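Please read the structure below before turning to the comments.
Because the structure is predicted, anything quoted here is derived from the model rather than measured. Below, read A as the first sequence line, B as the second, and so on, with proteins coming before strands; counting in each chain starts at 1.
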Number of protein chains: 2
Amino acid sequence: MRTERLPTLEDVARVAGVSRATVSRVINGIRNVDPQLHEVVWDAVGRTGYVPNRLARSLVTRRTGTVALVVSDSESHDDDPFMGRFFADPYFGRVVGGLMSVLRAQGIQLALQIVGSDDVRKRLVGDLRNGQADGAIVLSLPPVDPLPRMLTEGGVPAVLIGRPAEPVPIDYVDLANDTGAALAAQHLLSRGRQRIGMISGPADVPASSDRIAGFRRELARHGHGWVPTETGNFTRDSGETAMRALLAAVPDLDGVFVANDLMALGALAALRESARQVPSDVAVVGFDDSSAAVAASPALTTIRHPLEDMAAEAARLLLARIEDPAMRVSSVIYEPALVERDSA
Amino acid sequence: MRTERLPTLEDVARVAGVSRATVSRVINGIRNVDPQLHEVVWDAVGRTGYVPNRLARSLVTRRTGTVALVVSDSESHDDDPFMGRFFADPYFGRVVGGLMSVLRAQGIQLALQIVGSDDVRKRLVGDLRNGQADGAIVLSLPPVDPLPRMLTEGGVPAVLIGRPAEPVPIDYVDLANDTGAALAAQHLLSRGRQRIGMISGPADVPASSDRIAGFRRELARHGHGWVPTETGNFTRDSGETAMRALLAAVPDLDGVFVANDLMALGALAALRESARQVPSDVAVVGFDDSSAAVAASPALTTIRHPLEDMAAEAARLLLARIEDPAMRVSSVIYEPALVERDSA
DNA sequence: TAACACTCGGAAAGCGCTCTCCAACCCCGA
DNA sequence: TCGGGGTTGGAGAGCGCTTTCCGAGTGTTA
């Protein structure tokens, strides 16, 4: 059945008794077509069961109705389990959900691309320049990624989710990570905590360093010039390890800010293991307000990250840039909010 | 910059001093080309920075190097929040991760498509027949979905994740949901539970009805002919509501099987609210072994669902079918396993 | 040396569509 | 009745690539 030829514009034209050009005009809703013919053509389309071939159309219009979602990750290789973790993390799904909420309405599809090596990166940019997709949304994982620059230099419409580590003239949406961390600091202070520590993410990732900076700055403003810190890598287990280390270093710790909910989960486990009560002995504030925050026990007080909205805005930004490539480069920063639950 | 014409095969040919045909042969690694010319051509490719245009290539080869991931969902409309929930659920991410683990190695990209209305469904099948993608992986949400049939009738290579509700000659991978539920029953019984209930999913979804049937059958084999059951819709909140209802109906309940982890989370909350201890008063077994299971407290004893493996197998199956459309229709059923944690 | 079988590279015909020209036609005023 | 302006539809040239078909060149055998 795959072999039976599908009807083409030519076939429709023959059935309708007009030329290919006319059918094309009718289908694309271009005026200058006699209403009578109009009807005849649509009738022929119905009778033949014609569906335009998007590929052929794209080849000439240079528009594909596709946006690439690029997950850039220099470290992992082909079947690195890291990618599995990444996809299982709600982060990925929330981004996709946010993107689709605006793309779907426009009938635009999302093509998922993972780039590991520089080779793949180069090919991707080449494909995009060739019009494989109309633009790209980039989730840049590595601390410093050449991809954003490659894209702008290639003239490919692209929007980053999360600010680039080094300045690149590219559109992006981001969260005011520093403000969020400051919120966490204020909350901990307002709860009367005195010995406050932090479990941070990798220092070279912008989102992470912003949280560190914001937290430290706010505490410093209240006389805490020194914040004991342990570094994790955003996984649950690293949070558990970091918490143990932090407790060993500061046994009388009474408050901690953990840079994401997943690590907070691990921290909670370490705290339980050390027989400390949360929040009475140690107050814990997470970050992201992911589904893990609600599932945790006690439920996590955390910083809400409107990821879906951010992704949706990224999609809108991209669409606008595709429409007008000369548009001024812009960025949209979202404000986080504290969500108070039981852990602090 | 978008305007500057990219080098085409023609340009490379001119630089190399050969014909387009020869360049094409070299690039596609077809023999019959003098090694000398071979080198000259590659050199020209390098000098011009040529990247083949996939669109143009696909148009003639009828191969796109793209697989569609179709999320079929008849109920929700354009910005139905349901889709947001769906994407945020780890289920989606795990599937994507599993698929990508095999597709990525082949350099195949995944194009995400959501189909809500029958109109979209029709257009999608048309596009697929036109070679928009080489095949489709289908995540069929509604109880009875016309899509699988439409795809097979259209001769589109497709693989379902989760068996079709009504028999359709289509490849699929699925989990032995009934066996999994039976495992849960055995575990509860082995823990000496006597008054065992169940919180099920919607009865018209195959995965759900299989779990109900498997659980009831196993309990019946051990003399429990009647299993008090409440129905949820796989969300956390519905699990909480169902648990309350179940407790009201069977106050001395001492064991419960909840058809997925998310609902189990809700059930745990309801149990806590009613001051019952888990697992001493009521033992709880979930289903899926999602990340929620570990985050819960107490950590959930649950049924492991090798979703990543299943998705990977679906991808392999699809690739095989694309290669040989005449291949016999096949299905792969995975066996679940009990993961014992603290809740039962 | 002639006849034959091969190997290799080029010309050109598409894949299915859009869109620019251009010819044909209509209506109007002079 | 004729010429000018405005519509409308068709012919055909691509978009960038693959692939068939052929002719030219090479080496081998009688």
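Of the side-chain N and O atoms in A/S19, one or more sit less than 4.0 angstrom from OP1 or OP2 of D/dG10. Look at A/R62 and you'll find a side-chain N or O under 4.0 angstrom from OP1 or OP2 of D/dG16. Residue A/N130 has no polar side-chain atom (N or O) positioned under 4.0 Å from OP1 or OP2 of D/dG16.
Rounded to a whole Å, the CD1 atom of B/I27 is 7 Å from the P atom of D/dT18. Protein atom CG of B/N53 is 18 Å distant from nucleotide atom P of D/dG14, rounded to whole Å. Put simply, CG on A/L9 is 12 Å from P on C/dC19, counting in whole angstrom units.
For A/R123, the CZ atom sits in a loose shell: 12 or fewer heavy atoms of surrounding residues, nucleotides or ligands are nearer than 6.0 Å.
Nucleic acid contact for B/L37: sugar-phosphate only, since backbone atoms but no base atoms lie under 4.0 Å from a heavy atom of the residue.
A salt bridge links B/R63 with B/E323: the closest approach of a Lys/Arg side-chain nitrogen to an acidic carboxylate oxygen falls below 4.0 angstrom. A salt bridge does not link B/D119 with B/K122: none of the charged nitrogens is closer than 4.0 Å to a carboxylate oxygen.
Between B/V60 and A/S24, the residue whose closest nucleotide on DNA chain C is further toward the 5' end is B/V60.
Residue side chain A/R20 reaches the base of C/dT18 through a donor-acceptor N/O pair under 3.5 Å, judged by distance alone.
Under the 4.5 Å side-chain criterion, counting only non-hydrogen atoms from C-beta, A/P146 is in contact with A/D118.
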